[in-house]
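What follows is a single structure, written as structure tokens, with notes after it.
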Amino acid sequence: MDYCPHTSDDIARMQAVLGIKSLDDLFADIPRKFRLDGLPGVPAPLSEQETLSFMQALAAKNTLPRVTLTGAGAYAHYIPAVVGHLVGRAEFYTAYTPYQAEISQGLLQAIYEYQTMIAHLTGTEIANASLYDGASAAAEAAMLCAKMSDRPRLVVARSVHPHYRQVLQTYAWANGCSVTEVPYRASGRVDLPALAALLDQDVAAVIVQSPNFFGCLEEIRPLADETHRCGALLVAAFTDGTGLGILKPAGACGADFVVGEGQSFGNPMNYGGPYLGIFAAREKYLRRIPGRLAGATVDKNGRRGFVLTLQTREQHIRREKATSNICSNEALCALAACVYLAALGKNLARLARLNVDKAQYLKNRLADLAGWSEVFSAPGYNEFTLRCPDARAANERLAAEGIVGGYDLRADYPELDGALVLCATELLSREDMDRVAQILKS
Amino acid sequence: MDYCPHTSDDIARMQAVLGIKSLDDLFADIPRKFRLDGLPGVPAPLSEQETLSFMQALAAKNTLPRVTLTGAGAYAHYIPAVVGHLVGRAEFYTAYTPYQAEISQGLLQAIYEYQTMIAHLTGTEIANASLYDGASAAAEAAMLCAKMSDRPRLVVARSVHPHYRQVLQTYAWANGCSVTEVPYRASGRVDLPALAALLDQDVAAVIVQSPNFFGCLEEIRPLADETHRCGALLVAAFTDGTGLGILKPAGACGADFVVGEGQSFGNPMNYGGPYLGIFAAREKYLRRIPGRLAGATVDKNGRRGFVLTLQTREQHIRREKATSNICSNEALCALAACVYLAALGKNLARLARLNVDKAQYLKNRLADLAGWSEVFSAPGYNEFTLRCPDARAANERLAAEGIVGGYDLRADYPELDGALVLCATELLSREDMDRVAQILKS
Amino acid sequence: MQLIFEISKPGRAAADVPAGDVPAVSLEDVIGASFMREELDLPEVSETDLVRHYTSLSRRNFGVDLGFYPLGSCTMKYNPKINENVAALPGFTGLHPAAPEAFARGNLELLFDMQRLLCAIFGMADFTLQPAAGAHGELTGVMMIRKYFEKKGEKRRRILIPDAAHGTNPASGALCGFETVTLGSNAEGGVDLRRLDALMTEDVAALMLTNPNTLGLFERNIEEVARVVHDRGGLLYGDGANANAFLGKTRPGDLGFDVIQLNLHKTFSTPHGGGGPGSGPVGVGEKLTDFLPVPRIVPCEAGLRWSSDFPDTIGRVRAFYGNFSVIVKAYSYLRSLGAAGLIRAAEMAVLNANYIKEKLKPSFDLPYDRICMHECVFSGSRQVALSGVHTTDIAKRLIDFGYHPPTIYFPLIVAEAIMIEPTETESKETLDAFCDAMAAIAREAEENPQRVKDAPLSTPVGRLDEVLAARKPDVCWSKPKA
Amino acid sequence: MQLIFEISKPGRAAADVPAGDVPAVSLEDVIGASFMREELDLPEVSETDLVRHYTSLSRRNFGVDLGFYPLGSCTMKYNPKINENVAALPGFTGLHPAAPEAFARGNLELLFDMQRLLCAIFGMADFTLQPAAGAHGELTGVMMIRKYFEKKGEKRRRILIPDAAHGTNPASGALCGFETVTLGSNAEGGVDLRRLDALMTEDVAALMLTNPNTLGLFERNIEEVARVVHDRGGLLYGDGANANAFLGKTRPGDLGFDVIQLNLHKTFSTPHGGGGPGSGPVGVGEKLTDFLPVPRIVPCEAGLRWSSDFPDTIGRVRAFYGNFSVIVKAYSYLRSLGAAGLIRAAEMAVLNANYIKEKLKPSFDLPYDRICMHECVFSGSRQVALSGVHTTDIAKRLIDFGYHPPTIYFPLIVAEAIMIEPTETESKETLDAFCDAMAAIAREAEENPQRVKDAPLSTPVGRLDEVLAARKPDVCWSKPKA
Ligand SMILES: Cc1ncc(COP(=O)(O)O)c(C=O)c1O
Ligand SMILES: Cc1ncc(COP(=O)(O)O)c(C=O)c1O
């Protein structure tokens, strides 16, 4: 199946207009020796019916777990049916970046609404229209701090999501910045004295996460104070965004940038993407931040309308001097987040409470098992870290029952070998959790 | 979950406007002794998430067959992805009958397009906007013949779908008409001499189907001639509409009414509904037919537009003198059919050819099995009737492999005990069919 | 806009067909040339153009998802999206209706439980889910009445139908071979007991009553009405299309109805699909259960199965079992609302209708000024008298304000009727804005009647010539001669 | 239109939350009051109003499904619906990215086969699918170049970028710590070999070349360009965003490119989602495979697994593995088109662009009058000179004709640029009608320039004040003071 509507007659008539004899003439600029004849290695076309069967067969090779106990940067939440119906409106999803505002008011207004919700949720004044994902958003924030301050060092908490730290490392290296890790304490939180010891005039930013990768809530205010003392900026990430329904956001505790993964807001897990990088900041950085921004303005009759604004920050205008290279972002995921948040409204707090209840239940059930115990003492949201007799065996036992177990910390934190980070959301029923305990007990 | 947006404050303010103290006051007209307090027997509300899990669990109690070999009035066809996307546009599916034309041009035009396609496919001049299903469409056509002619008898071929005959019987009885069955011959076709013998001046209509329930093509022209000889009218049904991609339609062979089930055109099997009754007729019956009709007209500036027309046939104007009682029809299914037919275009012929190829293959494979043989000699489209050693056992063996077998004729045609009507569509692969043969062989 | 035929071009197609994996046969050999059609004149368009065409058409159509749709008697409530998702589960969509019961355990359970719940909500002994829409349910119900008397050996040729009844009621009666007799309403819009007394003869099989009726009014004398009908040996038929008004407040079975049809698409919130599909279950009291259409679901060892073994059945009214996937949506809706949600739906639907009635009273004539149920009926007579602006004009003008017009010129017993059914899913803000628009149009009718008569002004086509459409019917496009 | 916040009302919610089936804990006890937020100020709306709000917003937005969207450089082809359905299969959507590989056999196979096919189509040794969009791919590619030289111990601080390059190219170079040097184009819109010779010093790590470039022109001297770059020890980076032009016609790997990024969302037809998500795989020649980001898929006994065990990797550029579901759509597209379909797509895309170029030549200045590839770039200079009508005005006026405007003022090297990319999914009729509209606007610019300057006239808002938006930024709504 191809999707080219031309009939052979169309092609003949168009060739006549162009004065060419064959379609090959159109490719005359490609030096002959480099011209291909066919595409070896690429299979023959499939009809639509065949495509569907083929892809269904592929999807069926996956095992869809009934229960997922891993969070660790991607969260299994219920997505209200409205989200898909609205995001699936063709006018939204078959559009591109709203460069021409008058014909794109729908998306521009929705993004403006999204920005507003995110700024509020994160406790900041401004938010952009999304970056690629939480990890790259954290990296972009850190690079921005480095650029603004012209300082070469970044300090990141070891309790930050390993992927975030790895992406940060990559971006930092490419920009000639160094990254130092600050350890965590027995509570699971950043070691504040250790941080203080690491900070100096060369540090551009401190990057922390709360709840952190272990599920523990950080005390942002003292971290911010300490960070600011040396003139550095605090980039605070979060894990599962639904927690913001009840948790005090980092923006309200002195963070300069709040970043995180927005997948929890109405986007399926999709084996890792597309997700959306939430990027929020203090107002004073408005003209420095990366990414698109929708802004309100008026037309000549004074009617409110929305445009992409402050585009002079962006690559298509400022090129190498742009605040980032980002062009396509995750607009549709941001739209899903916007619809999700508008659908939940204040029920986001109820949802978050339910997540806490479930996590507490699961934690208590598992911590009761012989050889299982909590690793950290700091309170958390819907994730927690448990040490157990044999983490790998536990996960294998769960997998055998079609359950995705906890996140095994061994590879990323050798010092925490034997520990699992587990996550409970509203999708887990008490029955599910009892069953998990049962499986792990026997 | 309920979907009432009022807050308690809203309700209080509205009650104040009405001057009532309690919502109960609104139900004062219901005699007190009949007032309910609660709804015993009806369960408590479910949240959306719970509703989904509950319904998923119910759906999971069904066994989705990999292969379906039954046609018999509902056909497993591939539905191009576009159909669902377009029919799923909220403007279409959340509307109702386009009583107010100016705000409903989309549906009206689509129905007009549907009518045009159906009239062409059936070889008639006109078609309505759909009736409930093929069976009731056949019954409506027969009742219309009876009413127009004031004749009390209907003659139906025994080779017509049993459900169609049963529905016809019900409608006829209710209207004081009698129904006589005309037998089929060894070819599988209507016994023409027997029909001739049954016809007289009391017969309003003869109802046949081609391909008929056994999968055999009827010779419509002689049936029409015979029918018309006594002044009766011929109502010709079809089975799987995709056959019309290659088959000469009854409307081109003298039938007065062509009716049938339109499900094949882009509507899922859905365990039986919603489907759509196709109803097409000779032009002269335009003002007598049941159902909605979209018609072209102009606005005061001469722009083409569409309206529901000839509404004086309908119940909301003519009440007991209406041509039918139908009000809601199957508009969305008709829209799906319209989009499906427009998507296929001339490929409907290719699809029909493929169905014939598959049916021939399956028939040959099965007829090769020991004890299996063709019952009828007349050619067919994608269904055929085979006699086999033990029809029930054959179906059970297939069911054990997750395959829906053929339609067992025993109940509806005791004289054909041991015979199955089988159907092959483009969804069956050669592998599937070989497997079926393998299962039935062993 | 162009028709799909007008953008067709030979050689294009949006949907392809797989290549064969079995030998291609010669159709001439296998079927015979005389059975083959000569031409296949369907539109030929690319997928791009197909999608644009029907997407653009959709944008010329108004649905509940775009705005307020107070089409009286049609219960255009907002339809929760979850029910669409549920009905689209492959487990529900993919099964052939003739598949053995062992494949359909979930479906059978769903249908059976739906019947049970409808019995509980409406106080009936049993339900059939076979009819495809409300009118189909009426026909089914009237057929059962016919059968009942046939069985009893009574010849009753007539059915009484109030003048306020929906057109489907007399049409269904007639389609079932009855003579329909119109029963005039009394001054307060209800059954005129004296006339009922006079007309309810031995020849009358049933009274077909819509309650609340098409004026949106509950029959206060229902007990007396039922008594009269039953005393004379008749049956009481209930058109339950307006059941949204009394869910959990009263039960037709308790009120004396022997048979009712429901409109699931209305009361149980399945999208109306631009005119269908619907679903019209019929509930019956004990007297009539033997006559229910077949097949029916019966318990068996393996759980549930289909049975047609009911000798007194009226037979079948449709192939297979009804509009299954509509029933799935309705069932999902019913389960998510639960008892409390159904009751609240009725309360809010009635509250909303009364609120509109109260707010529009100053602007329009209200022929029956009493508490209404789920809808209210105004008359545009004042406007006709004052400025020659008719109800149609008001309706068309509403379009310019962003609303779907109410039902108009129905019920027939109200001159220039404007029948408004807000439903329970609308907010106070929406109702207020709508009432403001109606009041504004009433003012405009006085101040600038021509503007109202010229409406709609905001639509892709202006007011369409329906007379021309009926006089020179064009219901099927034909290719212009080359 | 109102904002969702402006229709919010305390106490409403569209989505509910299940009741707990486990004990409710006290948040104060479990988390502590100091960690709790004070207010949660999200919109409170019913599902009805939510649906109407975003449905109405959608109707104020233009997408490919509504009409022609010739936005140059963005490849707004029609996106087949089947790919949406495929990506929505629960087997693809429901899996956690950290699930054990045993759960993800199908996903791993899909990703691995996608890499293999991209290698075949583009002639590269390996691909990573991790980058989330084209610019992200650029960054990844440039990082690998950096690592390559780091590994070699060469300090090369610069990257050469033609002046016709997309803004993301210099921005990506800069974000990777390189100094970017602009390479002016020659008179025919290609690489100026003399300037290249002069600028391609020992200090230059790479030339970043878009081919075909943003003028829609294929680099005729590609062989020479590659030779110069390689001879001086540099690497040739290819921005493959325009790959739609040459699918199956030539392979970047054969042309000498050491690393390229693709824009799957363009070339492989995944809907652009109003600005994203995209997917920007990066392909490399043998020289660079060691530097690919981790994790990578490697064969193992059980089939395939993820591995991060690549010591020379640049690391990670994103959490997890990339925009998986975008890749599913692209893969489904690729498989359905197959070799023949991809080639035809390229041919038709180029044919369409040349056709438009030819037909619009009389109306607009064509700065580079040669055969173009998938897009053509006009200049609005003639209109500016004649009547003061600018390219923006022409673009806005096109909206009134029902089209999405082309890309404008890009590439920067063409004054008043109008960059038109029709793509292969458009019919001749669509192209003809578009050209007619463009010609009509050109005439209107002469005859009635003010009308063009006042455009758009048909949109819900008129031309918006972008200067005001930038001067007094309002990017976040705040509740008006009571
Ligand atoms: C009171 C009443 N009865 C019956 C019907 C007919 O229902 P249906 O359209 O489902 O056939 C309607 C439909 O509007 C109605 O309002
Ligand atoms: C030539 C070229 N390169 C790179 C990009 C950036 O791609 P993306 O938007 O996916 O980041 C674009 C996007 O328009 C482009 O046209």
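The figures here come from the full heavy-atom set of this structure, side chains too, leaving out hydrogens, waters and symmetry mates. Lettering of chains follows the sequences in order, A, B, ..., and the numbering in each one begins at 1.
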Roughly how far, to the nearest 0.5 Å, is the NZ atom of B:K61 from the CD atom of C:E109?
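So the gap between those two atoms works out to 3.5 Å.
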
Between CG on residue B:D29 and OG1 on residue C:T250, distance to nearest 0.5 Å
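Between atom CG of B:D29 and atom OG1 of C:T250 there are 12.0 Å.
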
Where does [X] contact chain C at under 4.5 Å (heavy atoms): side chain, backbone, both or neither?
| X | value |
| --- | --- |
| B:A119 | side chain |
| B:V17 | both |
| B:Y361 | side chain |
| B:L26 | both |
| B:L354 | side chain |
| B:F306 | both |
| B:L286 | side chain |
| B:P80 | side chain |
| B:H85 | neither |
| B:A294 | backbone |
| B:D25 | backbone |
| B:A296 | both |
| B:L351 | both |
| B:Y407 | side chain |

In terms of heavy-atom proximity below 4.5 Å to chain B, should [X] be classed as side chain, backbone, both, or neither?
| X | result |
| --- | --- |
| C:V142 | neither |
| C:M373 | side chain |
| C:F5 | side chain |
| C:R370 | side chain |
| C:Y54 | both |
| C:H53 | side chain |
| C:M76 | side chain |
| C:L89 | side chain |
| C:L217 | neither |
| C:K396 | side chain |

Restricting to non-hydrogen atoms, name the atom on [X] and the atom on [Y] that form the minimum distance, rounded to 0.1 Å.
| X | Y | answer |
| --- | --- | --- |
| C:L464 | B:A101 | CD1-CB, 3.8 Å |
| C:A174 | B:E320 | CB-O, 3.4 Å |
| C:P460 | B:E102 | CD-O, 4.4 Å |
| C:A99 | B:V404 | CB-CG2, 3.8 Å |
| C:V461 | B:R304 | CG1-O, 3.5 Å |
| C:V30 | B:Q360 | CG1-NE2, 3.0 Å |

Between chain C and each of [options], count heavy-atom pairs under 4.5 Å; write down the option with the most.
| options | answer |
| --- | --- |
| B:T51, B:L86, B:V307, B:I11 | B:L86 |
| B:G176, B:A252, B:P249 | B:P249 |
| B:A60, B:G41, B:A28 | B:G41 |
| B:T94, B:T297, B:T97, B:D2 | B:T94 |
| B:H120, B:R353, B:Q100 | B:H120 |
| B:L46, B:V339, B:T116, B:L332 | B:T116 |

[X] vs [Y] aromatic rings, parallel, tilted or perpendicular, using cut-offs 30° and 60°?
| X | Y | answer |
| --- | --- | --- |
| C:Y321 | B:Y271 | tilted |
| C:H265 | B:Y96 | tilted |
| B:Y171 | C:H136 | tilted |

Residues B:Y132, C:N323; criterion side chain to side chain donor-acceptor pair (under 3.5 Å); working and verdict:
CA-CA 9 Å; B:Y132 301 133; C:N323 280 347; over 6 Å; no

Side-chain contact test, heavy atoms from C-beta onward, threshold under 4.5 Å: evaluate it for [X] versus [Y] and give yes or no.
| X | Y | value |
| --- | --- | --- |
| C:I343 | B:L36 | no |
| B:H6 | C:E424 | no |
| C:P473 | B:L310 | yes |
| C:I314 | B:W173 | yes |
| C:P170 | B:N325 | no |
| C:L66 | B:E91 | yes |
| B:F92 | C:L57 | yes |
| C:V475 | B:E125 | no |

